[in-house]
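Here the structure comes first, spelled out in structure tokens, and everything after it is commentary.
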Amino acid sequence: MTQITPINCPYYLISRISLQVTSVLKKEFTSKGAQDVKPAYLGVLFTLWQSDGLKVVELGHQAGLEPSTMTGLLDRMESSGLVYRSADPNDRRVLRIYLTRKGIDIKDVTLDAVNHVLGAVFEGISEKELSKAMDLLKQILSNAQKAGR
């Protein structure tokens, strides 16, 4: 039996990559003047930039976030001035999430920062290799979600 070490443990490697890329993204956002954008906000921002004004549940689903995560994340994003909540005009029990002017205006800077970091992170990796890695990561995520049920 192979002894598990950090370098041969997939979980450890995925965690370390995530932490390291998050750190680099934070620095890049700050250097580009987008210090109010946090890496944790990206799923919500990407989703709202495509379809603003989603219900909280729809937004969480499209952003790939658990409902229990959404409230705190939206609180922080609202405090940063990136989004606001508004009652649905057809059902006041339902909240919709909208980008603020700041949330709209920060798009190009944020995408530039993300593209710069990802370009550096994936340097030397071909499009074909990256595509295969993305497929594998999607399968791992799917498996992890099934295992958590």
Side-chain angles (χ1 to χ4, degrees), residues 10-149:
Y11 170 76
Y12 175 81
L13 291 172
I14 291 169
S15 295
R16 287 297 306 141
I17 291 166
S18 178
L19 291 169
Q20 186 61 46
V21 173
T22 296
S23 175
V24 175
L25 279 170
K26 286 178 184 176
K27 289 177 187 169
E28 188 70 11
F29 291 151
T30 298
S31 76
K32 300 255 187 217
Q35 57 276 359
D36 288 329
V37 176
K38 309 298 181 220
Y41 301 171
L42 290 176
V44 169
L45 289 172
F46 291 160
T47 303
L48 290 175
W49 286 330
Q50 289 184 346
S51 184
D52 200 14
L54 293 173
K55 295 176 184 177
V56 175
V57 173
E58 295 170 336
L59 178 57
H61 178 73
Q62 289 184 32
L65 298 169
E66 296 296 322
S68 60
T69 304
M70 289 301 296
T71 301
L73 184 66
L74 291 173
D75 286 346
R76 291 189 301 278
M77 292 181 76
E78 200 167 28
S79 292
S80 295
L82 299 171
V83 300
Y84 67 95
R85 297 169 169 105
S86 182
D88 186 304
N90 300 317
D91 185 350
R92 295 190 52 81
R93 297 170 296 172
V94 174
L95 289 176
R96 291 189 175 270
I97 308 302
Y98 294 91
L99 291 163
T100 61
R101 172 55 41 202
K102 181 179 180 179
I104 293 167
D105 290 345
I106 204 85
K107 178 181 179 181
D108 290 340
V109 171
T110 301
L111 292 177
D112 182 53
V114 169
N115 287 330
H116 181 263
V117 168
L118 293 182
V121 168
F122 296 118
E123 185 176 339
I125 299 172
S126 73
E127 288 290 324
K128 184 177 179 180
E129 291 170 318
L130 183 56
S131 178
K132 185 174 181 178
M134 292 286 293
D135 289 342
L136 288 169
L137 289 169
K138 288 174 189 174
Q139 183 62 53
I140 292 166
L141 178 58
S142 176
N143 291 348
Q145 289 169 332
K146 288 177 190 171
R149 290 185 191 143

| query | Please walk me through it: do Ile104 and Leu48 pass side chain to side chain contact (heavy atoms under 4.5 Å, CB included)? | reply | CA-CA 9 Å; Ile104 293 167; Leu48 290 175; over 6 Å; no
| request: Kindly determine whether Asp112 and Lys107 satisfy salt bridge (charged side-chain N to carboxylate O under 4.0 Å, His left out), including the steps that lead there. | output: CA-CA 8 Å; Asp112 182 53; Lys107 178 181 179 181; over 6 Å; no
| task | Determine, stepwise, if the pair Phe29 / Lys38 fulfils side chain to side chain contact (heavy atoms under 4.5 Å, CB included). | result | CA-CA 8 Å; Phe29 291 151; Lys38 309 298 181 220; over 6 Å; no
| request: List the steps and the verdict of side chain to side chain contact (heavy atoms under 4.5 Å, CB included) for Asp75 and Arg85. | output: CA-CA 9 Å; Asp75 286 346; Arg85 297 169 169 105; 2.8 Å; yes
| message | Go through it in stages, so that I can follow the logic: the residues are Met77 and Leu45, the test is side chain to side chain contact (heavy atoms under 4.5 Å, CB included), and I'd like the CA-CA distance, side-chain angles, deciding distance and then a yes or no. | response | CA-CA 10 Å; Met77 292 181 76; Leu45 289 172; 3.7 Å; yes
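Nearest heavy atom pair, residue Ala113 against residue Glu28, reads CB-CG, 3.5 Å. Nearest heavy-atom pair across Arg96 and Gly53 is NH1-O, 2.8 Å. Of all the heavy atoms in Ser86 and Tyr98, the pair that sits closest is CB-CE1, 3.9 Å. Here the closest non-hydrogen pair linking Ala63 and Val44 is CB-N, 4.0 Å.
Atoms OG and NE2, on Ser31 and His116 in that order, are 8.0 Å from each other to the nearest 0.5 Å. Atom CH2 of Trp49 sits about 7.0 Å away from atom CG of Leu42, to the nearest 0.5 Å. Taken from OG in Ser79 to CG in Leu74, the straight-line distance is 10.5 Å, to the nearest 0.5 Å. Distance CG/Asp135 to CG/Leu130: 9.5 Å, rounded to 0.5 Å. The CE atom of Met70 sits 6.5 Å away from the CD1 atom of Ile97 when rounded to the nearest 0.5 Å. One distance of note links OG1 of Thr22 with CD1 of Ile17; it measures 11.5 Å at 0.5 Å rounding.
Under the 3.5 Å distance criterion, the side-chain polar atoms of Arg76 are matched with a main-chain donor or acceptor of Gly72. Using a distance-only test at 3.5 Å, with no hydrogens or angles considered, no donor-acceptor pair links the side chain of Gln50 to the main chain of Thr47. Although no hydrogens or angles enter the test, the distance criterion places a donor-acceptor pair under 3.5 Å between the side chain of Thr110 and the main chain of Ile106. Side chain of Thr100 to main chain of Leu82: a donor-acceptor pair is present (N/O by atom type, distance under 3.5 Å, no hydrogens or angles).
Here salt bridge (charged side-chain N to carboxylate O under 4.0 Å, His left out) pairs that include residues 55-71, with residues two or more places apart or in two chains, number zero.
Counting non-hydrogen atoms of neighbouring residues, nucleotides and ligands closer than 6.0 angstrom, the OH atom of Tyr11 reaches no more than 12 such neighbours. By the neighbour-count criterion of 12 heavy atoms within 6.0 Å, atom NZ of Lys26 is sparsely surrounded, having that number or fewer from other residues, nucleotides or ligands.
With sequence neighbours left out, the side chain to side chain donor-acceptor pair (under 3.5 Å) criterion links Lys102 to Asp36.
A donor and an acceptor atom, one from each side chain of Ser126 and Glu129, are located under 3.5 Å apart.
With Val83 as the fixed residue, the side chain to side chain contact (heavy atoms under 4.5 Å, CB included) test singles out one of Asp52, Leu73, Leu99: Leu99.
Looking only at side-chain heavy atoms (C-beta outward), Phe46 and Leu111 come within less than 4.5 Å of each other.
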